[in-house]
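Numbers here are sequence positions counted from 1.
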Amino acid sequence: MKVIMISTDSRIWEESSQVRKRMREYAGLFEKLVVIVVGREKQAAVEEGNLKIEAAGSRWRLVALWRAYGAAWRVVGSGEWVVSTQDLFETGVVGWLLRRRRLVAGWQAQVHTDFLSPYFKRESWKNAVRVWIARRILPKADGVRAVSERIKRSLIKIGVAESKISVLPIFVPEPEARARKGEYILILSRLTKEKNLGMAIEAMAQVLKEWPEERMMVVGEGGERETLESKVKSLKLKDKVVFKGWQEETGEWLVGAKMLLVTSNYEGYGMAAIEAVRVGVPVVMTEVGVAGEIVKDGENGLVVPVGDSRAVAEAMKKILGGEFKLAKTDYRFRSKKDYLERFRENLELM
């Protein structure tokens, strides 16, 4: 089988990145894998064995998407191809058009974000348009890959046939065995609006009234950093909330954590939460993503309502005060071999 992927992840261009490594693994499953990266970059095409990476670059998003469509059209000149799109919004439209013109044998839409959460639509007019697009084109997909059961349930409610939906999260590798240190409260996240990290900082301010020696480490980067740093300054938490920027290797940060905070308004999966569960770090998580599926309230973490800083603070206090006891539960995760087999099967079944 030959596969085209339409992606917006610029890390694919980084030769040593985890995303590039994942593309190489996917390429090993198929006769040919062509990844078309939509973005501002105007990169030269890269070929590694049966993996080819092409750029659909432009400073204008619509132009980049049109170029992605054109690049895909040129690729599918011969043979049976299947297209998989990273989302069901912009890149999804490209996949839908390719399928509608019968240029590909099947279209798989990947759903990594809980776009049917009311918080997603309220965040911006662009997101409102994305929801409008998704509701109209998603039922036309030949297959849908959801990254959580929560997303699957929401898709069924809007009329997507359950038989089309497969739940397959992003693979999280088995961590190295390391002794936990428990030195700080950790946030491991992109610094974007939907992560609602301002609420996490507000909760930290409440916690410090009773636990003044605690510190919070924020590992990640994004467009909200300046706003969050201003909040830290206004709450006089300069030495208590420390921004560490983007880190490729996060394992060491996790083993040093007393707990992980996930305060998102909406989440597709929640990879950081999965990583924390695997190394035995308790998670305080809003009712999003894998909360209730892998992060189970009272067992390996505490699940709180979305947008409630007081509930987040109280959960943090329970962990710091020893009221929460981490249960020794056996959470089974897919092996890499099983994951790759499922990834291939999802595309073969279309």
Side-chain angles (χ1 to χ4, degrees), residues 113-114 117-124 127 150 182-244 253-254 257-273 276-277 281-292 294-324 326:
T113 299
D114 188 7
S117 162
Y119 293 95
F120 181 86
K121 187 175 182 178
R122 292 175 199 161
E123 189 173 290
S124 69
N127 279 2
R150 184 189 303 276
E183 298 173 346
Y184 44 75
I185 296 162
L186 178 65
I187 289 175
L188 193 59
S189 172
R190 290 179 290 111
L191 310 187
T192 52
K193 286 184 179 180
E194 74 272 15
K195 302 299 182 181
N196 200 1
L197 298 181
M199 185 181 74
I201 293 169
E202 291 168 6
M204 184 64 179
Q206 296 176 48
V207 168
L208 287 169
K209 293 175 183 177
E210 297 180 35
W211 305 87
E213 300 304 315
E214 294 300 327
R215 290 191 308 155
M216 174 184 284
M217 297 295 171
V218 182
V219 178
E221 197 56 81
E224 289 290 292
R225 177 162 179 167
E226 187 175 335
T227 300
L228 294 170
E229 287 178 330
S230 295
K231 180 177 277 290
V232 167
K233 185 177 181 180
S234 67
L235 293 173
K236 299 180 180 179
L237 304 178
K238 184 178 179 182
D239 297 324
K240 296 298 181 181
V241 179
V242 182
F243 291 85
K244 306 302 291 188
W253 288 102
L254 277 167
K258 293 181 178 180
M259 71 184 82
L260 176 79
L261 294 190
V262 180
T263 55
S264 304
N265 288 334
Y266 57 87
E267 191 77 62
Y269 186 47
M271 189 177 292
V277 166
V281 174
V283 180
V284 174
M285 186 173 190
T286 47
E287 184 63 49
V288 298
V290 294
I294 297 201
V295 177
K296 298 191 176 182
D297 189 48
E299 292 186 11
N300 52 14
L302 295 168
V303 179
V304 300
V306 173
D308 191 337
S309 64
R310 182 172 295 181
V312 173
E314 291 304 314
M316 294 167 67
K317 291 176 187 178
K318 284 182 180 179
I319 294 174
L320 293 172
E323 295 177 51
F324 170 81
L326 190 69

**OP:** Taking the side chain as every heavy atom from C-beta outward, state whether R310 and Q206 have any atom pair closer than 4.5 Å.
**Re:** yes

Original post:
Does some side-chain heavy atom of V290 sit less than 4.5 Å from a side-chain heavy atom of M285?
Top reply: yes

Pairing residues for [X] by the salt bridge (Lys or Arg N to Asp or Glu O under 4.0 Å) criterion, not counting sequence neighbours:
X	result
E202	K231
R190	E194
E123	none

Original post:
Considering the options V232, L235, I185, which one meets the side-chain contact (heavy atoms from CB on, under 4.5 Å) requirement together with V241?
Top reply: V232

Applying side chain to side chain contact (heavy atoms under 4.5 Å, CB included), can you list everything that pairs with [X], at least two apart in sequence or on another chain?
X	answer
S124	K126, N127
A272	L188, L260
P305	D308, A311

For [X] and [Y], work out which heavy atoms get closest and say how close.
X	Y	result
N300	F324	C-CZ, 3.8 Å
G220	L191	O-CD1, 3.7 Å
P212	K240	O-NZ, 2.7 Å
V277	V295	CG2-CG2, 4.0 Å

Looking at residues at least two apart in the chain, or sitting in another chain, which of them share a side-chain hydrogen bond (donor to acceptor under 3.5 Å, both in side chains) with [X]?
X	result
R225	E221, E229
K258	E214
E183	none
S264	E267

Measure the [atom1]-[atom2] distance between [X] and [Y] for me, rounded to the nearest 0.5 Å.
X	Y	atom1	atom2	result
T286	L302	OG1	CG	12.5 Å
I187	K195	CD1	NZ	11.5 Å
R215	L237	CZ	CG	13.5 Å
T227	L197	OG1	CG	11.0 Å
L228	E224	CG	CD	6.0 Å
M216	L208	CE	CG	8.0 Å

Would a distance-only check, ignoring hydrogens and angles, find a side-chain to backbone donor-acceptor pair under 3.5 Å from [X] to [Y]?
X	Y	result
S117	Y119	yes
Y184	W253	yes
D297	V303	yes
R150	G289	yes
N265	V306	no

**OP:** Return the set of residues passing ring pair (Phe, Tyr, Trp, His ring centres under 6.0 Å) with F120 (not counting sequence neighbours), or none when no residue passes.
**Re:** F89, Y266

Quick one: side chains of residues 314-323, donor-acceptor pairs under 3.5 Å with protein atoms, not counting sequence neighbours, listed by atom name and distance.
| from | atom 1 | to | atom 2 | distance (Å) |
| --- | --- | --- | --- | --- |
| E314 | OE2 | K317 | NZ | 3.4 |
| K317 | NZ | E210 | OE2 | 2.9 |

